[in-house]
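Quantities reported herein were computed from a predicted structural model and do not represent experimental measurements. In the text below, chain A, chain B and the rest are named by the order of the sequence lines, each starting its count at 1. Just the heavy atoms: all of them, side chains too, but no hydrogens, waters or symmetry mates, feed the values below.
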Protein chains: 2
Amino acid sequence: MARASRRATVDSILASAERACATAGVRLTAKRRALLATLLQQSQAMSAYELAEQYRQDHGESIPTMSVYRMLDFLAEQNLVHKLGAINKYIACAHISCSHRHETPQFLICDDCHSVSEVEVEAETLDTLGQGVEATGFHLRSRQLELHGLCDHCYKRAAS
Amino acid sequence: MARASRRATVDSILASAERACATAGVRLTAKRRALLATLLQQSQAMSAYELAEQYRQDHGESIPTMSVYRMLDFLAEQNLVHKLGAINKYIACAHISCSHRHETPQFLICDDCHSVSEVEVEAETLDTLGQGVEATGFHLRSRQLELHGLCDHCYKRAAS
DNA sequence: TCAGTTATGTTACAACATAACAAAAAAGGA
DNA sequence: TCCTTTTTTGTTATGTTGTAACATAACTGA
Ligand SMILES: [Zn+2]
Ligand SMILES: [Zn+2]
Ligand SMILES: [Zn+2]
Ligand SMILES: [Zn+2]
């Protein structure tokens, strides 16, 4: 049943994504939607080339990497996926179905197994950080942090 | 005179780097030193390939990119340079000649002119951030943040 | 000197990303 | 509907970043 429930969750997230795109007045085409579906079913961050291969397996149709990059650019603009610049990989947003507005995401990247968690950080802490930085005359564009380390699983395995 | 004083500054930083390597019991070879000198004279972060080309111009000798990567790895281990993972570039540490121990550096990266500043952030704020993250079970490896935005110069130019 | 280690060079290739242009699909009005 | 315009997707070629594997050179310490 895990599989069925996972499937249902993906479908409901896709429905939310469709509504978000309709509201924004942009087109979530069949291919963009299919690519998002592929990414949603991954537990790890994926490179564009890995996604092209997974898409081929999932949908029985090959797709140029060039198109994958363009679709990822589109999805990232709509905040449906996030690009992790430090490792050149992409992850589906964990909050597509949330009603609240999209807060700046923070990512914890395991340097061993490459799993990625999208977490919330206290707004107050981020504000303090941002104010300290802007006091130097710099103007932050994004408060998306990408923090590296070990996930609990890999940490415990390394300790043994 | 600006050129002469700049030259002197670079020389004194190189002398500090030599002392640091001697203390650590590692070898700052002539090529590693020459590469560090090249990087010290840049005002922007440089990719490994850009550095290979600049090295060739500075020292009248070509150098394999493979060697540049290895030297940069060495210099980064000694905290003489920092790698900016988000943009795949390298920058000389701004504190080589400082006597105090090397704090975790924080970088402000201008997305327009690509200038990079190495700044201090209040330790307390970083601790709060780190504690929040570690409370989720994640184990941070580094607290080096790479923040993107616009430097004051580019910000004002964009506003006009 | 000579063996062992570290550093650097060479070649080949893998992985990531984009430029330039062509074809197809969708949108919108006469 | 038909035609025009715009957007999306495909194709080809190439640029950029990084590493593997192995050879040679330089240094170090008996
Ligand atoms: Zn998100
Ligand atoms: Zn892990
Ligand atoms: Zn530094
Ligand atoms: Zn700037």
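- The side-chain heavy atoms of L129(A) and L145(B), taken from C-beta on, include a pair separated by under 4.5 Å.
- One can place CE of M71(B) at 17 Å from P of dT6(C), the figure rounded to the nearest angstrom.
- At dT9(D), one or more side-chain N or O atoms of T29(A) fall inside 4.0 Å of OP1 or OP2 (strictly under the cut-off).
- Between H139(A) and Y155(B), the angle of the ring planes stays under 30°, which puts this pair in the parallel group of the 30/60° scheme.
- Considering CG of L28(B) and CD of E18(B), their distance stands at 5.0 Å, rounded to 0.5 Å.
- Residues meeting the side chain to side chain contact (heavy atoms under 4.5 Å, CB included) test with A20(B), sequence neighbours left out: none.
- Here K89(B) does not pair with E146(B) in a salt bridge; the nearest charged N to carboxylate O distance is not below 4.0 Å.
- Using five terminal pairs a side, the axes of the helix from dT1(C)-dA30(D) to dA30(C)-dT1(D) at its two ends make an angle of 20°, given in steps of 10 degrees.
- H59(A) contributes no side-chain N or O that, together with a main-chain N or O of Q57(A), makes up a donor-acceptor pair within less than 3.5 Å.
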Requested in this report: Treat primed atoms plus P, OP1 and OP2 as sugar-phosphate and everything else as base, then score nucleotides 11-27 of chain D 5' to 3': B for base contact with protein heavy atoms under 4.0 Å, S for sugar-phosphate contact only, - for none.
Outcome: B-----BBBB------S
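- The phosphate of dG10(D) (OP1 or OP2) has a side-chain N or O of K31(A) nearer than 4.0 angstrom.
- Heavy atoms only, all atoms of each residue included: L140(A) and G130(A) are closest at CD1-CA, 3.8 Å.
- Partners of A15(A) by side chain to side chain contact (heavy atoms under 4.5 Å, CB included), not counting sequence neighbours, listed by chain and number: R19(A).
- Taking the salt bridge (charged side-chain N to carboxylate O under 4.0 Å, His left out) definition, one finds that R56(B) meets it with E53(B), sequence neighbours left out.
- Within the 4.5 Å cutoff, the side chain of F107(A) has heavy atoms near those of the L84(A) side chain.
- The stretch residues 17-26 of chain B has no heavy atom under 4.0 angstrom from DNA chain D at all.
- Rounded to an integer number of Å, the gap from I63(A) CD1 to dT8(D) P is 14 Å.
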